Structure formats: structure tokens, C-alpha cells
J.: 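My structure is below; once you've seen it, I'll send some questions.
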Amino acid sequence: MLFMKLKTTFLLLLLNFILIHHTQAQVSFSNNAVSLGIDVSYGDSEFGGGVSFVDFDGDGWDDISFTSQDGDDLFFFKNNNGTFSQVTLQGVQNTQKTKQISWIDYDNDGDKDLFVTAFTGNNRFYRNDGNMSFTDISSTIGFFQEDQFTYGASFGDIDNDGDLDAFISNRDGVTENQHNYLYRNDNGIFIDVTASAGISMLSELSFCSILFDYNNDGFQDIYISNDKPTYINRLYKNNGDGTFDDVSISSGAGIDINAMTTTIGDYNNDGWFDIYVTNTPQGNQLLKNNGDGTFTDVAALTGTSFDSLGWGAVFLDADNDGFLDLYVSGGFTGTGNTSSFLPSAFYHQQNNNSFIIPANIGFQTDTAESYSNAIGDVNNDGKPDIVVSNDTSKNFLWQNTSSNTNNWIKIKLEGTVSNKDGIGNQIEVHANGISQYRYTLAGEGYLSQNSSYEFVGVSDATTIDYIKVTWKTTGQTETINNIQPNQTITIQEGNGVLGVINDLINPYKIYPNPSQTGVFKIDHNNLSEIKIYVFNILGKHLFDQFYTDEINLSNLSDGIYLVKIKFGNQTSVQKLIKN
């Protein structure tokens, strides 16, 4: 009996040894920031600065943007086919002590606009006028103009009307009298709906928030990370009528810790998005979404509690094996720190919902005082890289140099009825009998913004069975079958993969749009082949019509409607506005 126990123990240790060393051979990172052209830091600060890994000029290469200290300009690094050069953006003059930097298309005109939060001075909003030339519209956009201690900003479509709304997080650690703000985007002007929506008007020392659909009911909810155990984290359930219910306590997501980040991902591939929240050495929490409106902390069970001073965190599939890993930035430095606290951690998932910290995969020098982080793709090789904003040490750019040959797909969404950025939608990728899920976000983690492309590893699958997009604005789903991996694709709402599948140039014209009468004319040579389906903005089917040269909404109230037009074997969705 003793021999059998010893043999079993030996086999388990051997298996663990093989597993760890196999992981080390497959996953590796190298800090190539300076060699690739990035040689800056945030500077000595309170709670660090933010970073965006978003392609801000639309050339298909992920650029990098950093916030800055008082007196310094924002840092913009353009990606030139895998190396970076610092650039100045015409019309952007911002030298306050800034916190979060966000690239979003608030007016759906096809280019990225810029929003920057500030700890000192006013928050600033810059409209992109084309050709990367900007106009400061901070005073007219609708956001508050007072000098407040603003940290995070997140964007999503809370009312499913096809444009991006905003949530702004304030953390006033002095007088504790600054509340958060929820804004609805009405034709490019942001309207303060904080009180009417049911969001707390009290100061709760909020670092950041995230807008995502936690219960898969088609509406974007709000999760807020609040500092100090005095203020529990808040989860607001979107009722779909412009109001929210505070379900923090009943859901189990209202944890009372020194919360920093709001990071989401579906770590267990069950179709329900989980939340990772960093903390002081009392331990981070991984809130597993139970799929019934509740969450359970499984950080200790999965091995991801960190038990140090955590700040930013991001889920990523580093080796493209089909299972999300996790990277956490920390506030304790390795230099002179004799305690057991970690300065940072890369957690590799072992395909059984547990994680380990593998040794010697490149992060040995990851010992700076770090705050925000984000993922993107430096050289468009399909392997997610990590950029990190440090305090006084030079910022990191951890380039993914993993040696595995696993396959991948990168997906970007483009809305037609939904917002142009495709924010707030769900993607399912099915390959090798396994489904994985991603959710498109703008403003996630601690003061961070990830690439506009969603990275999905599919291991050794040579064909992806299907990609299914659920467009939350309309509730419609769009499925594309038999996709080859190892490519970057853009899926346009109603039109499939641009340039590859269903590359549809609409063979009809609908006018006038907007229409004051509610009558829209259809200009098409083959009206007998057109089938029309009309929905309201919430996706409720109103009526169908066939073989006609107009769409008559005159008996309906003013507002936004969706029309799905089938022409042969092609389908397109378009937004109609009656005013």
C-alpha cells in the first residue's frame, strides 16, 4: 500500500514537472519596448496612468497611447509595420495630469475620436475631423466641466440605439464628495442621466467601470470598481427602459475590498462573462459568472488570488491553445522588496480552469511599479502582446515570442445599425468541438483599452467551424461558416466578412433618411426580388413587406427603426430614422 502511494505521488509530481516545463517551452515574452521605439514612463504619481493599445489611425496596425504627468504632453506611438515612432496629433494639446485615454467613434463617422480623463484640470474630448486632425469640443460635448478627480471612462450602448454612451468614474480621496456620471449619447451630445437611470449620486471612490451584458439579456449592464471596503463594488442591471437596478448584493458581485480593476473574460468557455478584480495583499477575486444572475469568488480555487498589491489585469490566450490566461500588474517593486509579495504575475491556464505561474518565460525583469496594461498585436502575427504603464521605470512592451504553432483568428466588428466601433456585442468562435466567447469593449481593466481586434486561439484546428456574432442593438445573430484560421477579419453587421464572404455593396438606395413623413423610397432595379422585414430599435418584429418601392412608417411614432432587406441570398440591415 505504501509503495502504491509513493508511486502515485511520484507520478503526480512527474506529471506536474512535465506540464510546467511544457508550458515554459510554449509560452515566452520579451520586453522589447526600447528596441521597438517606446522609451517613456508615466512618472512618479499617485496610482499611475493609463494606456490604450488601439489602432488610432485606422491603418490596420495597433498603435499605443499613454497618459502623462502634469506638464507633459500625451504620448502617441504610431505602429509602422511592427516598430513605433512617437507622433504629435494636430489639435491635441493636453498637459494635465491625465489618467485614462480612450479612442472611440462617438459620432459613427468612421474615424476614432479621443477622450482623456484628468486628475488635475478638466477632462478633454477631441473630435477627429479626418486625416488625424482634431478639434477640442470638451465644452460642447455635454460632459461635466468642473475640475474633478476623474480616473476611468468606459463606453457602450446602454439604450441599444446605435451610438456609444459613457460612464465616467471619479475618485476624490480628499473630500469624498464627487460622484460618478452616466451619459446617454443623443446625436453626438452626451446627456447626464445619472440620477434618472438610478445610478448612485454619492461618492464611492470609484477607479473604473465596465459596460457588459452580465446576464445575456441583450442590454449592457454596468460594473464599478470602488476603492476601500467601505464602498462595495456596484453592479447595475440594465432594465432596458433607461433605468438600472442595483443588484450588487443579490448577485454576489458587490464585494467589499480595495478594488482596482474591472477586467472581464470567459475563462471557462461557458458563454457567461466572468469578472476579475484586483486588491491589496488580502487577495484578488475572480468572480465566476454562474449563469443565473449570481457570481462566486473562485480566485483561491483557480490559483489567481495574487495576494500582493494588484492594479491592472487582462485576460489573453498567450499560446492560442483555446483557454484564456491572465496577466496582473502590481504596485510592489522587485528591487529592495524582501517580502513574498509579487511585483506582477502571468497566470497560465492549465485547460482545467486552474492556473499556474510558470517560471523563466521572460517576465523575470517584470519588477517595476506598474499600474495599467492592455493587449494588442505589435506585428500582426496573431499572438497577443502586452503593454504596461509604469510609474518611474520605463514602460514595458511585452512582445509575445511564444514558439508554439497553434492557430488563431483575429476579429474586428463594424456596426451598421449598431455603433460603428461594434462595441457591446458578443462573438462565439467554434472549433475542435469547443466554443469560445468574446465581448467587445471600450474602456476595460484599470485605466486601459485593449485592441479593437478580438484574439481567439483555436489550437491545432485547421478550420473554424463557425463564427457567430450577436448584435445586441438588434438582437440579431450572424453566422459565418468554415473560416480558415491565421487571418485577421472584419465582420460588418449584416454583410458578413468584408472582402471575403458576403462582400455586399447594397444594390439599392433608401431615401430620404431621416424622413419627416415616415415614408422611405427604395431605388432598385429588381423590386420583385426584395423582401423587407421591419423591427423597432429593441429588435421587436413589426411587419414584413414584399415587392414594393417604399417603406411606410407613417403610422409609427418618431424614432429609430431597423429594416432587414433580403436580396437573393444576401442580407443587409439598415437603420431608418423617422423624425
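Quick caveat: nothing in here was measured; it's all calculated off a predicted structure. Throughout, residue positions are numbered sequentially from 1 according to the sequence presented.
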J.: Is it true that a side-chain atom of Asp297 and a backbone atom of Leu286 form a donor plus acceptor pair closer than 3.5 Å?
T.: yes
J.: Backbone N or O of His179 within a donor-acceptor pair of the Asn170 side chain at under 3.5 Å?
T.: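 Checked: pair present.
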J.: Aromatic ring centroids of Phe47 and Phe119 under 6.0 Å?
T.: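 No, ring centres 6.0 Å or more apart.
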J.: Identify the two heavy atoms, one from Leu182 and one from Thr194, that lie closest to each other, and give their separation to 0.1 Å.
T.: N-OG1, 2.9 Å
J.: Does Ser389 offer a backbone N or O that forms a donor-acceptor pair with the side chain of Asn395 under 3.5 Å?
T.: no
J.: Treating Asp172 as the side-chain partner and Thr175 as the backbone partner, does any N or O pair qualify as donor plus acceptor under 3.5 Å?
T.: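 Yes, because the side chain of Asp172 sits within donor-acceptor range (under 3.5 Å) of the backbone of Thr175.
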J.: Quick check on side-chain hydrogen bond (donor to acceptor under 3.5 Å, both in side chains): which of Thr440, Asn160, Asp213 does Lys472 satisfy it with?
T.: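 Looking at Thr440, Asn160, Asp213, the match for Lys472 under the side-chain hydrogen bond (donor to acceptor under 3.5 Å, both in side chains) is Asp213.
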J.: Can you give the donor-acceptor pairs under 3.5 Å from side chains of residues 248-258 to other protein atoms, not counting sequence neighbours?
T.:
unit_1, atom_1, unit_2, atom_2, d
Ser248, OG, Leu235, N, 2.9
Ser248, OG, Asp246, OD1, 2.5
Ser250, OG, Val247, O, 3.4
Ser251, OG, Val247, O, 2.7
Ser251, OG, Ser248, O, 3.2
Ser251, OG, Ala253, N, 3.1
Asn258, ND2, Thr280, OG1, 3.4

J.: How are the rings of Phe115 and Phe155 set to each other: parallel, tilted or perpendicular (split at 30° and 60°)?
T.: perpendicular
J.: Could you check Asp377 against Lys410 for salt bridge (Lys or Arg N to Asp or Glu O under 4.0 Å), going step by step and ending with a plain yes or no?
T.: CA-CA 10 Å; Asp377 193 349; Lys410 280 170 56 178; 3.0 Å; yes
J.: Can you name the closest pair of heavy atoms from Asn80 and Ser85 and give their distance?
T.: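 Heavy atoms only, the tightest pair is ND2-OG, 2.9 Å.
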J.: Output every pair passing ring pair (Phe, Tyr, Trp, His ring centres under 6.0 Å) with a member in residues 231-261, not counting sequence neighbours, ordered by first then second residue.
T.: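 Found none.
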J.: Can the ring centroids of Phe273 and Tyr439 be said to lie less than 6.0 angstrom from one another?
T.: yes
J.: I'd like to know whether the aromatic ring centres of Phe207 and Tyr446 sit less than 6.0 Å apart in this structure.
T.: yes
J.: Please list, chain by chain and in numerical order, all residues satisfying ring pair (Phe, Tyr, Trp, His ring centres under 6.0 Å) with Phe363, sequence neighbours excluded.
T.: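 Listed in chain order: Phe29, Tyr327, Phe346, Trp398.
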J.: Yes or no on side chain to side chain donor-acceptor pair (under 3.5 Å) for Gln285 and Asn279, after CA distance, side-chain angles and deciding distance?
T.: CA-CA 8 Å; Gln285 295 201 17; Asn279 189 16; over 6 Å; no
J.: Please report whether the ring centroid of Trp272 lies less than 6.0 Å from that of Tyr437.
T.: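 No, they do not, as the ring centres are separated by 6.0 Å or more.
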J.: Between Arg184 and Asp161, does at least one N-O distance fall below 4.0 Å, as a salt bridge requires?
T.: no
J.: Using ring centroids (six-membered ring only for Trp), state whether Phe341 and Phe332 fall under 6.0 Å.
T.: yes
J.: Can any side-chain N or O of Asp163 pair as donor or acceptor with the backbone N or O of Asn419 at less than 3.5 Å?
T.: no
J.: Determine the interplanar angle of the Phe355 and Tyr267 rings, folded into 0 to 90°, and report it as parallel if under 30°, tilted if 30 to 60°, perpendicular if over 60°.
T.: tilted
J.: As an exercise, state the distance from OG of Ser138 to CZ of Phe144, rounded to the nearest 0.5 Å.
T.: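 Those atoms lie 11.5 Å apart.
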J.: Among Ile210, Ile158, Leu211, Asn215, exactly one meets side chain to side chain contact (heavy atoms under 4.5 Å, CB included) together with Asp221. Which residue is that?
T.: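 That would be Asn215.
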J.: Under the 3.5 angstrom rule, does the side chain of Glu493 hit a backbone N or O of Val417 as a donor-acceptor pair?
T.: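 The answer is yes, because a donor-acceptor pair under 3.5 Å joins these two groups.
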J.: Atom CG of residue position Asn187 - does it have more than 12 heavy atoms of other residues, nucleotides or ligands inside 6.0 Å?
T.: no
